[in-house]
Amino acid sequence: MEAKDMEKKVHEHDEVIKGNILPRLDKVESVQAQFQQEVAAIKNDLMTVQSGQVSLEKGQKELELTMIKEGQLNREIMNENKDLSAKLLDHVLGKDERESKAETERKKKESQAKIDRKKQIWEIIGKVSVVLAGGTGILAVIIKNFS
């Protein structure tokens, strides 16, 4: 009987294994496979995030370099504008000064011309007066001699 008992026990074990243990083992394997897929997806997401972070850091460094270059260019442009403004101011002030000197010279010439005209008028008046005064004297002598 031992062989039949053994066979019976083996058969019972077979049924327990097939009915109870194997389905549970399949479920564990299925859950483990699903877990492995989730871990792989998380690893993939992590790699994507890390790749994005590297790209972001690279972009940030490029942006920093661009901003530094643009800042330097802006400083150069501001310095050029400052120089040009100074030159323009010097030019305008120089022009104003030249115009002011020209105006002063023009007024001096006008004033001198007026003085010269007045002198000429007085010279003419003096000469006419001398001629008239001399002519009157001569006329008086002539009238005296003929009378």
Side-chain angles (χ1 to χ4, degrees), residues 1-140:
M1 230 174 58
E2 280 188 29
K4 277 190 174 191
D5 281 338
M6 278 293 252
E7 206 176 299
K8 187 179 175 184
K9 286 217 183 238
V10 168
H11 183 49
E12 285 176 3
H13 279 258
D14 248 0
E15 284 181 20
V16 168
I17 289 174
K18 286 179 185 176
N20 191 2
I21 295 176
L22 286 178
R24 288 169 62 193
L25 188 58
D26 285 341
K27 189 173 182 180
V28 168
E29 286 176 352
S30 171
V31 169
Q32 189 175 10
Q34 196 176 22
F35 178 76
Q36 290 294 339
Q37 286 177 345
E38 288 179 19
V39 168
I42 290 171
K43 283 182 180 179
N44 192 19
D45 289 348
L46 181 60
M47 294 292 278
T48 303
V49 167
Q50 287 175 341
S51 174
Q53 187 176 4
V54 167
S55 295
L56 182 64
E57 288 173 358
K58 182 181 176 187
Q60 187 176 3
K61 288 187 190 266
E62 289 174 1
L63 179 63
E64 287 173 3
L65 288 174
T66 301
M67 290 183 72
I68 288 170
K69 287 178 184 177
E70 286 182 4
Q72 185 178 2
L73 288 174
N74 284 341
R75 281 191 297 279
E76 289 173 6
I77 289 170
M78 286 174 24
N79 287 336
E80 286 176 13
N81 286 343
K82 184 177 167 185
D83 292 342
L84 289 174
S85 295
K87 286 179 182 178
L88 179 62
L89 184 61
D90 289 345
H91 174 73
V92 169
L93 291 177
K95 183 179 177 186
D96 286 348
E97 186 177 333
R98 287 189 303 272
E99 287 175 354
S100 177
K101 284 181 182 178
E103 181 68 19
T104 303
E105 282 296 316
R106 186 186 62 76
K107 286 181 180 177
K108 282 182 184 177
K109 286 180 182 178
E110 284 179 2
S111 179
Q112 187 61 41
K114 284 181 183 178
I115 291 171
D116 290 345
R117 277 193 304 268
K118 285 182 182 178
K119 281 183 182 177
Q120 288 174 350
I121 290 172
W122 282 110
E123 282 180 16
I124 292 171
I125 291 174
K127 287 179 183 178
V128 168
S129 296
V130 168
V131 169
L132 288 177
T136 307
I138 292 176
L139 190 60

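This chain uses plain numbering: 1 for the first residue, then up along the sequence. A quick note: this is a predicted structure, and the numbers were derived from the prediction, not measured.
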Colleague: Could you tell me whether a side-chain N or O of T104 sits under 3.5 Å from a main-chain N or O of S100, the two making a donor and an acceptor?
Modeller: yes

Colleague: Please round to the nearest 0.5 Å and tell me the distance separating atom CG of L46 and atom CD1 of I42.
Modeller: 9.5 Å

Colleague: Could you walk me through whether D116 and Q120 satisfy the side-chain hydrogen bond (donor to acceptor under 3.5 Å, both in side chains) test, starting with their C-alpha distance in whole Å, then the side-chain angles of each, then the deciding distance to 0.1 Å, before giving a yes or no?
Modeller: CA-CA 6 Å; D116 290 345; Q120 288 174 350; over 6 Å; no

Colleague: With rounding to the nearest 0.5 Å, note down the distance linking CG in L25 to CD in Q32.
Modeller: 9.5 Å

Colleague: With heavy-atom distances below 4.5 Å as the criterion, would you say the side chains of R117 and K114 are in contact?
Modeller: yes

Colleague: Of the non-hydrogen atoms in G19 and P23, which two are nearest, and what is the gap between them?
Modeller: O-CG, 3.4 Å

Colleague: Within this structure, what is the CD-CG distance for the pair E12 and D14, rounded to the nearest 0.5 Å?
Modeller: 10.5 Å

Colleague: Taking C-beta and beyond as the side chain, do V54 and Q50 meet within less than 4.5 Å on heavy atoms?
Modeller: no

Colleague: Measuring from Q34:CD to Q37:CD, what's the distance to the nearest 0.5 Å?
Modeller: 7.0 Å

Colleague: Begin from the C-alpha positions of R106 and E103 and carry the test salt bridge (charged side-chain N to carboxylate O under 4.0 Å, His left out) through to its verdict.
Modeller: CA-CA 5 Å; R106 186 186 62 76; E103 181 68 19; 2.3 Å; yes

Colleague: Step by step, work out the side chain to side chain contact (heavy atoms under 4.5 Å, CB included) result for K108 and E105.
Modeller: CA-CA 5 Å; K108 282 182 184 177; E105 282 296 316; 4.1 Å; yes

Colleague: Within the distance-only criterion (no hydrogens, no angle test), does the side chain of S30 pair as donor or acceptor with the backbone N or O of D26 below 3.5 angstrom?
Modeller: no

Colleague: For the atom pair CG (L73) and CD1 (I68), what is the distance rounded to the nearest 0.5 Å?
Modeller: 12.0 Å

Colleague: Using side-chain hydrogen bond (donor to acceptor under 3.5 Å, both in side chains) as the criterion, list what pairs up with E80, not counting sequence neighbours.
Modeller: none

Colleague: For residues 54-75, which residue pairs qualify under side chain to side chain donor-acceptor pair (under 3.5 Å), counting only residues two or more places apart or in two chains?
Modeller: none

Colleague: When rounded to the nearest 0.5 angstrom, what is the spacing between NE2 in H13 and CD1 in I21?
Modeller: 9.5 Å

Colleague: One thing to verify: whether E123 and K119 come together as a salt bridge, which I'm taking to mean a side-chain N less than 4.0 angstrom from a carboxylate O.
Modeller: no

Colleague: Is the number of heavy atoms from other residues, nucleotides or ligands under 6.0 Å of R24 CZ greater than 12?
Modeller: no

Colleague: If the condition is side-chain hydrogen bond (donor to acceptor under 3.5 Å, both in side chains), which residues does N81 pass it with, not counting sequence neighbours?
Modeller: none

Colleague: Report yes or no: do E7 and H11 form a side-chain donor-acceptor pair below 3.5 Å?
Modeller: no

Colleague: So that I can tick it off, tell me whether E110 and K107 are bridged by a salt bridge, with the cut-off set at under 4.0 angstrom between side-chain N and carboxylate O.
Modeller: no

